[in-house]
Amino acid sequence: GKMAGYQRKYVANGFDKPYLPTISIDSPSILTTQRWGLIPSWVTSEKEFKANTLMARNDELFEKTSYKTYWQNRCLIFCTGFFEPHYPSGSQKHQSWFIRPKEKKLFAFGGIFSVWNGIHTCTIITKEATPEMAIVHNDGRRMPLILTGAASRNWLNPVLTMAEMKELLKFEYP
């Protein structure tokens with residue numbers, strides 16, 4: 001079915017290349033899966049493609065070779081929560097903090113995808129952390145782009161311009 005490859009897990013490790021539940025701009029009424037870790041269509045051998053494309057920085061989205069041609073291939077990637085590293089004061093060792101929605105059951109991350117050798121592959125977009133998230137992710141001060149309401153619907157708007165998409169990249173989850 002449409003959820004091909006999906007296995008429900010408490011912790012999905014991107015390096016295992018799991019299939020994640022998504023809705024994409026090309027079929028916005030269907031919940032489907034995409035493999036985590038975007039592989040550009042021009043890649044000939046997955047083994048030789050060394051770039052880490054699990055997360056795409058908002059400030060590299062339109063310039064980086066791996067992503068720049070896919071900004072219109074938007075998708076929403078769903079999860080019940082995610083882990084962020086937190087370094088307690090004076091410690092070199094991080095703690096993993098689990099972040100989940102207060103009211104809703106799911107987060108919807110803004111993502112982009114590529115179809116590589118018939119496989120839908122995706123990446124989660126990250127942005128500068130909000131003040132609350134910067135306290136948690138106190139090393140890199142980044143967070144996933146979490147969309148909700150009109151922002152998530154707009155993300156899948158097929159006529160969204162690059163300028164409008166750049167505005168959505170600033171969305172702050174309430």
Side-chain angles (χ1 to χ4, degrees), residues 8-16 18 20-25 28 31 33-38 51-64 66-68 70-114 121-174:
R8 190 175 174 161
K9 290 185 175 154
Y10 180 64
V11 177
N13 180 338
F15 296 105
D16 296 336
L20 303 176
T22 64
I23 292 177
S24 64
I25 199 165
L31 184 66
T33 59
Q34 297 190 38
R35 200 176 82 180
W36 193 6
L38 185 142
N52 178 347
T53 56
L54 298 174
M55 306 282 180
R57 291 178 61 98
N58 59 337
D59 51 359
E60 296 177 346
L61 213 48
F62 304 100
E63 286 83 40
K64 207 169 197 177
S66 297
Y67 308 129
K68 66 182 179 186
Y70 300 112
W71 69 271
Q72 290 164 299
N73 289 7
R74 290 180 299 279
C75 61
L76 295 172
I77 303 164
F78 297 97
C79 74
T80 54
F82 60 95
F83 288 95
E84 282 291 0
H86 176 76
Y87 290 85
S89 182
S91 174
Q92 300 301 302
K93 209 170 141 67
H94 80 271
Q95 302 168 339
S96 289
W97 286 27
F98 187 65
I99 311 297
R100 63 182 175 81
K102 190 175 179 180
E103 315 265 321
K104 297 179 167 66
K105 286 193 166 51
L106 296 171
F107 279 132
F109 295 147
I112 56 170
F113 68 93
S114 162
T121 65
C122 65
T123 183
I124 296 168
I125 295 169
T126 65
K127 59 182 283 246
E128 300 73 22
T130 58
E132 295 87 357
M133 283 297 297
I135 294 166
V136 177
H137 193 184
N138 56 350
D139 180 32
R141 299 193 194 303
R142 309 268 319 152
M143 66 179 285
L145 172 64
I146 308 168
L147 300 169
T148 190
S152 57
R153 288 188 296 280
N154 288 341
W155 190 255
L156 297 180
N157 178 349
V159 295
L160 198 70
T161 65
M162 189 184 284
E164 290 167 330
M165 184 175 168
K166 285 180 177 178
E167 274 307 301
L168 274 177
L169 289 172
K170 298 175 188 166
F171 181 78
E172 292 200 4
Y173 187 80

- request: Write down the atom of Gln34, the atom of Cys122, and the distance for their closest heavy-atom approach.
  value: OE1-CB, 3.5 Å
statement: By ring pair (Phe, Tyr, Trp, His ring centres under 6.0 Å), Tyr87 pairs with (sequence neighbours left out) His94
task: Would you indicate whether the side-chain heavy atoms of Pro85 and His137 approach each other to under 4.5 Å?
output: yes
task: Please tell me if the side chains of Asn58 and Glu128 come closer than 4.5 Å, counting only heavy atoms from C-beta onward.
output: yes
- prompt: Ignoring hydrogens and geometry, is there a side-chain-to-backbone donor-acceptor pair from Thr126 to Arg142 under 3.5 Å?
  reply: no
Parallel, tilted or perpendicular: rings of Phe107 and Tyr173 (30°, 60°): perpendicular
Considering all heavy atoms, the nearest Phe82-Met133 contact: CE1-CE, 4.0 Å
message: Return the OG1 to CD1 distance between Thr33 and Ile77, rounded to the nearest 0.5 Å.
response: 11.5 Å
message: Would you compute the distance between atom CD1 of Ile135 and atom CZ of Arg141 and round it to the nearest 0.5 angstrom?
response: 9.0 Å
- prompt: For the residue pair His86 and Asn138, what are the closest heavy atoms and their distance?
  reply: CE1-ND2, 3.5 Å
Minimum-distance pair of heavy atoms, taken over all atoms of Pro101 and Thr80: CD-O, 3.3 Å
message: Show the nearest heavy-atom pair for residues Leu61 and Ala56, with the distance to one decimal.
response: CD1-CB, 3.9 Å
- prompt: Are any of the side-chain heavy atoms of Thr22 and Phe113 separated by less than 4.5 Å?
  reply: no
- request: State the NZ-CD1 distance between Lys68 and Ile112, to the nearest 0.5 angstrom.
  value: 12.5 Å
- prompt: About how many Å separate CZ of Phe62 and CE of Met165, when rounded to the nearest 0.5 Å?
  reply: 4.0 Å
Side-chain heavy atoms of Phe171 within contact of Ser152, under 4.5 Å: no
- prompt: Are any of the side-chain heavy atoms of Met143 and Ile99 separated by less than 4.5 Å?
  reply: no
message: Using a 3.5 Å distance criterion without hydrogens, assess whether the side chain of Asp16 forms a donor-acceptor pair with backbone atoms of Pro18.
response: no
field: Non-hydrogen side-chain atoms of Glu84 and Pro144 separated by less than 4.5 Å
entry: yes
CD1 on Ile146 to CZ on Phe109, rounded to 0.5 Å: 5.5 Å
message: What's the separation between atom CG in Leu54 and atom CZ in Phe15, rounded to the nearest 0.5 Å?
response: 5.0 Å
- prompt: What's the verdict on side-chain contact (heavy atoms from CB on, under 4.5 Å) for Leu160 and Leu168, showing C-alpha distance, side-chain angles and the deciding distance?
  reply: CA-CA 10 Å; Leu160 198 70; Leu168 274 177; 3.8 Å; yes
Under the side-chain hydrogen bond (donor to acceptor under 3.5 Å, both in side chains) test, residues paired with Lys64 that sit two or more places apart: Glu60
- prompt: Quick one: side chain to side chain donor-acceptor pair (under 3.5 Å) pairs with a partner in residues 153-165, sequence neighbours left out?
  reply: Thr161-Glu164
field: Side-chain heavy atoms of Phe83 within contact of Gln95, under 4.5 Å
entry: no
message: Could you check whether any side-chain N or O of Thr123 sits under 3.5 Å from a backbone N or O of Thr53, counting only pairs where one atom can act as donor and the other as acceptor?
response: yes
- request: Return the minimal non-hydrogen interatomic distance between Leu156 and Arg74, and the atom names on each side.
  value: CD2-O, 3.8 Å
query: Do the non-hydrogen side-chain atoms of Cys79 and Leu20 ever get within less than 4.5 Å of each other?
result: no
message: Treating Ser114 as the side-chain partner and Thr121 as the backbone partner, does any N or O pair qualify as donor plus acceptor under 3.5 Å?
response: no
